[in-house]
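One is the number of the first residue; the rest follow in order along the sequence.
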Amino acid sequence: MYIGIDLGTSGVKVVLVDGDQQIVASHTAPLKASYPQSGWAEQNAEDWLTATNAAMEGLAATNPNEMGAVRGIGLSGQQHGATFVADDDSALRPCMLWNDTRSHVQAARMDSDPKFRDRIGNIVFPGFTAPKVQWVREHEPDVFERTRMVLLPKDFLRLWLTGEAVSDMSDASGTGWLNVAKRDWEEELLADTGLSLDHMPRLVEGSEASGQLRDALAGGWGLPKGVIVAGGGGDNAASAVGQGIVAPGSAFVSLGTSGVLFAVNDSYKPNAASAVHTFCHALPDTWHQMGVILSAAGSMDWLSGVLNQSASDLSDEASALPNVPSTVHFLPYLSGERTPHNDAAIRGAFVGLGVEHGAADMARAVMEGVAFAFRDNLEALKQAGTDLDRVVAVGGGSKSPLWLEIMAASLDLPVDLPGDGDYGGAFGAARLGRLAAGGEALSDIATPPPIVRTVEPDADMAKAYGQAYERWKPLYSAVSSVTAQS
């Protein structure tokens, strides 16, 4: 038996997985974030420990026999958080979360220094850990002076679980301090934020052991002594392991609230200029690229709220329209955009609305606009030397048959839809825990789920959507010029 722990922003999810890779049980304990000021997002790190304990106690209460057979635990976690740890292993202040952007000035200053992009292979985004540490150094010097080490969220949880200060390569890639090509900390970049290697956790691969579960915790949860805790991974990398996206060239597209185009590489292929995330995968000698859309299915949720109609009803209405690209265009920049524009100020827009248009037209335009934003991501990955021949679709938006057709036509790629099941971060973490516990081959464990449907791009539709994408692309510059003046 193996356990996966996924530390998200809204909760901690734990899954118990058997030797046949079936989820035996799962429990979730909720978490809350606070937003003290505009652009700030924080969470009390001690709450992660309380929630994890509650979720693990839930597993123990319902599956006492299975808990006694657990051999490995894996961790998945929200990325980029800055947890300032004191000498007694407590958190000195609330963790600054991935969506905390108060350090935008510090991020811009770092990004203007060429050595950062050269070493880390990425833009220094305000969401990264390093600029947040610099913000604390400048605005809360007393906290900075008392900081013994800086840990990512799941690694603070690991410290409690094992007593070991360890991070994995995939999560560390989003700090702004990791040389992603060399898979090691960059001392010069650490020094620029007033830190040294002594402030950093030891690095391991996600499928390697990082320590053993403390005996006291093991006893309280009914686990045997000596349970291995794996390095684990950042949430997207762990989810990829859960979906079997581990071989070079494999990829998934996530139509969640935000959107991700995730592609696996066998070498380091940065493209920071187009805001592509180039990170280590949670597996040795493997990297991945991500294009990120800040409002994917979230755009449809927004429209659903505005029109007071469910997203599924809007999708059904849009399906009744002629199956050709809409004359209405939508820019899904409701919260700014990451790839390829790296523009926090840009905002969304409908273009081409007329009196003849209604809710169905707007819904279809939203689907197309999100699909075209993913096409932007695909083009950015191509510029970095990554060519894909198909993608797996996950997330809530993938439940819409129309949206899948639009995605296939816009990307001009087959879109595979996996069967029902939980293949997310917690499940991927359990797989990493199994690999770390010993001896099994990656190819035997990180297998993809069965594909129940493949949406092939229709040649005529792909041509039509390719032309529509070319008409859509210039709208960013037009809307950006208006946004910049407002």
message: Is it true that, when you exclude Glu440 itself, more than 12 heavy atoms of the residues, nucleotides or ligands shown sit nearer than 6.0 Å to its CD?
response: yes
Can we say [X] and [Y] salt-bridge, meaning some charged N sits less than 4.0 Å from an Asp/Glu carboxylate O?
X: Asp198; Y: Arg148; answer: no
X: Lys32; Y: Glu42; answer: no
X: Asp113; Y: Lys115; answer: yes
X: Arg158; Y: Glu164; answer: no
X: Glu208; Y: Arg202; answer: no

List in chain and number order the residues that pass salt bridge (charged side-chain N to carboxylate O under 4.0 Å, His left out) with [X], two or more places apart in sequence or in another chain; answer none if no residue qualifies.
X: Asp47; result: none
X: Glu379; result: Arg375, Lys382
X: Glu337; result: none

message: Using side-chain contact (heavy atoms from CB on, under 4.5 Å), reason through Ile120 and Glu186 one step at a time and then give a plain yes or no.
response: CA-CA 9 Å; Ile120 71 174; Glu186 272 286 343; 5.9 Å; no
Quick one: does [X]'s side chain get under 4.5 Å of [Y]'s, heavy atoms only?
X: Leu404; Y: Lys399; answer: no
X: Leu197; Y: Glu187; answer: yes
X: Val105; Y: Trp135; answer: no

Find the distance between [atom1] ([X]) and [atom2] ([Y]) and round it off to the nearest 0.5 Å.
X: Ile445; Y: Leu435; atom1: CD1; atom2: CG; result: 6.0 Å
X: His80; Y: Cys95; atom1: NE2; atom2: SG; result: 12.0 Å
X: Thr52; Y: Glu57; atom1: OG1; atom2: CD; result: 11.0 Å
X: Asn377; Y: Phe372; atom1: CG; atom2: CZ; result: 14.0 Å
X: Trp221; Y: Leu59; atom1: CH2; atom2: CG; result: 10.0 Å
X: Leu7; Y: Lys154; atom1: CG; atom2: NZ; result: 9.5 Å

- prompt: So which of Val12, Leu16, Thr62 actually passes side chain to side chain contact (heavy atoms under 4.5 Å, CB included) with His27?
  reply: Thr62
Give a yes or no answer on whether the side chain of [X] reaches the backbone of [Y] with a donor-acceptor pair at less than 3.5 Å.
X: Lys13; Y: Asp6; value: no
X: Asp168; Y: Ser170; value: yes
X: Arg71; Y: Tyr2; value: no
X: Asp20; Y: Gln22; value: no
X: Lys132; Y: Leu97; value: yes
X: Ser173; Y: Cys280; value: yes

- request: Identify the heavy atoms of Trp40 and Asp100 that sit nearest to each other, and give their distance.
  value: CA-OD2, 3.5 Å
- prompt: Which heavy-atom pair separates Ile293 from Val370 by the least distance, and what is that distance?
  reply: CD1-O, 4.1 Å
message: What I want to check is whether the side chains of Asp266 and Thr286 have a donor and an acceptor closer together than 3.5 Å.
response: no
query: Can Ser76 and Asp235 be counted as having a side-chain donor-acceptor contact under 3.5 angstrom?
result: no
- prompt: salt bridge (charged side-chain N to carboxylate O under 4.0 Å, His left out) between Arg117 and Asp111: does it pass, once the steps are laid out?
  reply: CA-CA 7 Å; Arg117 290 195 188 188; Asp111 195 53; 2.7 Å; yes
Cation-pi, Phe125 ring and Arg338 (6.0 angstrom, 45 degrees): yes
message: A cation-pi test, strictly: NZ or CZ of Arg183 under 6.0 Å from the centre of the six-membered ring of Trp287 and no more than 45 degrees from its axis. Yes or no?
response: yes
message: With salt bridge (charged side-chain N to carboxylate O under 4.0 Å, His left out) as the criterion, how do Glu138 and Arg109 come out once you've worked through the C-alpha distance, each side chain's angles and the decisive distance to 0.1 Å?
response: CA-CA 13 Å; Glu138 295 173 11; Arg109 187 189 311 149; 2.7 Å; yes
